[in-house]
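All chains are named by letter (A, B, ...) in the order of the sequence lines, taking the proteins before the strands, and each is independently numbered beginning at 1.
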2 protein chains.
Amino acid sequence: MQNSVFKALAHPARRQILALLRKGPRLAGDLAAEFDSSWPTMSRHLAVLKDADLITAERQGNQILYRVNTSVLEDAATALLGLIGSDNGDDDLKEAAE
Amino acid sequence: MQNSVFKALAHPARRQILALLRKGPRLAGDLAAEFDSSWPTMSRHLAVLKDADLITAERQGNQILYRVNTSVLEDAATALLGLIGSDNGDDDLKEAAE
DNA sequence: ATACTAATTAGCTTTTTTGCTAATATGAGT
DNA sequence: ACTCATATTAGCAAAAAAGCTAATTAGTAT
C-alpha cells in the first residue's frame, strides 16, 4: 500500500492534482478543466490517486467532490524522512516540530 | 528533475536500496547480494537512483561505493509536505525543527 | 599480455502505464 | 420517459519500465 502511494506520486499530473487539492476540495470537472489531457485521462489519474488513498471522493448530486487525504501524504513524507541518515524518520511529524 | 526523483522512488526495490544505504555507504555488489534480482537488474536500479541524484557513486579501485544523497531526499520529503494543507511545505526542514 | 573480479551496457521480451475515443452509468430537470 | 450534464468504464494502441542473458568495460594482480 505504501507502494501504490509512491507509484501514484510518480506522475507529474497527479502531483499537480494534489497541489490543486491542497488549497481545498474540488469537483472532478473543475480539476479536469485545468489540464490539457482528456477527461477520461484525468478521471483515471483521479482513480489512481483514490486507489492509493491519497484522495477521497464524495458525490454531490450530479458531480463528485475530491479532497486530499492529508494523513497518507504525511505518512509518505515521513517514510522519506525515514530514509535519511538520522532517526528523524520514526518521529511523528508533530513531534518533529516541537 | 523532481519528476525523476519521484519516479525513482516508485519502485520498492529502489526504496529498499535507499533504506540500506541509509545506514551507511555500500558497495554495489554488496547491495546486489541482498536482493533476489539479477546483478544487471540491480545495476539498473542503481543507475535510476543515480540519475535522479538520489545516490552518488564513487570508484574504489575494483568496486564502486554508493551513498545516499540526503539533500535530494529531503527535498522530496519537503515537496510532499508542501502538498499538505498548511504552509509547512515551504519551510526548510531545519527551520521546521526549531 | 593474461587472467580474474566487479560492475555496467546491449539487446531483447514481458509487463505496466499512459492516453485516446467510444460507450456507459448516474443524477437532475422537464 | 427523455434529455442534458457530469463523470466513469471499456477497449485499444503507443510508450515506458522491468528484468533476464550475453557481451563489454574497468581495474587488479600474476
Side-chain angles (χ1 to χ4, degrees), chain A residues 1-21 24-69 72 76 80 83, chain B residues 1-21 24-69 72 76:
Chain A
M1 31 159 88
Q2 190 95 304
N3 195 39
S4 61
V5 172
F6 283 110
K7 268 177 156 180
L9 290 170
H11 197 291
R14 290 193 293 257
R15 290 196 303 277
Q16 210 176 331
I17 289 172
L18 292 174
L20 290 173
L21 249 32
R26 289 261 218 147
L27 298 171
D30 193 18
L31 282 169
E34 304 255 15
F35 293 82
D36 292 333
S37 316
S38 70
W39 256 53
T41 294
M42 291 311 294
S43 195
R44 254 232 312 231
H45 281 314
L46 290 169
V48 170
L49 288 168
K50 189 157 53 104
D51 223 62
D53 211 32
L54 278 162
I55 62 176
T56 60
E58 185 190 343
R59 267 222 110 93
Q60 302 254 302
N62 213 3
Q63 44 223 53
I64 298 182
L65 190 69
Y66 283 98
R67 60 185 86 225
V68 192
N69 192 347
V72 173
L80 288 192
L83 295 176
Chain B
M1 359 226 94
Q2 190 95 302
N3 195 40
S4 62
V5 171
F6 283 110
K7 269 180 159 176
L9 289 170
H11 198 290
R14 291 194 291 258
R15 291 195 303 276
Q16 210 175 332
I17 289 172
L18 292 174
L20 290 173
L21 249 33
R26 290 262 219 146
L27 298 172
D30 192 18
L31 281 169
E34 304 253 17
F35 293 81
D36 291 334
S37 315
S38 70
W39 257 55
T41 294
M42 291 311 294
S43 195
R44 252 229 318 227
H45 281 314
L46 290 170
V48 170
L49 288 168
K50 189 158 53 107
D51 224 62
D53 211 32
L54 278 162
I55 62 176
T56 59
E58 184 190 344
R59 268 222 109 94
Q60 303 254 302
N62 213 3
Q63 44 224 53
I64 298 181
L65 190 69
Y66 283 98
R67 61 186 84 223
V68 192
N69 192 346
V72 174

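In this structure, NE2 in A/H45 is found 12.0 Å from CG in A/L31, a value given to the nearest 0.5 Å. A/I64 CD1 to A/T56 OG1: the interatomic distance, rounded to the nearest 0.5 Å, is 11.5 Å. To the nearest 0.5 Å, atom CE of residue B/M42 and atom CD1 of residue B/I17 are 3.5 Å apart. For the atom pair CZ (B/R44) and CG (B/L49), the distance works out to 12.5 Å, reported to the nearest 0.5 Å.
Using a 4.0 Å cut-off, some side-chain N or O of A/Y66 falls inside it from OP1 or OP2 of D/dT8. The side chain of B/S43 places no N or O atom within less than 4.0 Å of a non-bridging phosphate oxygen (OP1 or OP2) of C/dA7. An OP1 or OP2 oxygen of D/dG19 is reached within less than 4.0 angstrom by no side-chain nitrogen or oxygen of B/T41. Between A/H45 and the phosphate of C/dT17, there is no side-chain N or O to OP1/OP2 separation shorter than 4.0 Å.
The main-chain N or O of A/L9 is found under 3.5 Å from a side-chain atom of A/R15 such that the two form a donor-acceptor pair.
When each of A/L27 and B/R59 is assigned the nucleotide of DNA chain D bearing its nearest heavy atom, the one mapping closer to the 5' terminus is A/L27. Toward the 5' end of DNA chain C, the nearer of the two residues A/A10 and A/Q60, judged by each one's closest nucleotide, is A/A10.
Following rounding to the nearest Å, B/W39 (CH2) and D/dA23 (P) show an atom-to-atom distance of 19 Å. A/D51 has its CG atom 14 Å from the C1' atom of C/dT17, to the nearest Å. Rounded to whole Å, the distance from CG on B/D36 to P on D/dA18 is 17 Å. Remark: P of C/dA6 and CZ of B/R44 are 22 Å apart, rounded to the nearest angstrom. As rounded to whole Å, 5 Å separates atom C1' of C/dA6 from atom CG of B/N62. If you take NZ of B/K50 and C1' of C/dA7, they are 11 Å apart, rounded to a whole angstrom. Here D/dG19 presents its P atom at 8 Å from CZ of B/R14, a figure rounded to the nearest Å. Atoms CE (A/M42) and P (C/dT18) sit 12 Å apart, rounded to a whole Å.
Nearest nucleotide to the B/Q63 side chain, out of C/dT9, C/dA6, C/dA22: C/dA6. Distance from the side chain of B/H11 is smallest to D/dA18 among D/dT8, D/dA18, D/dA22.
Across all strands, A/F35 comes closer than 4.0 Å to no nucleic acid atom at all (heavy-atom distances).
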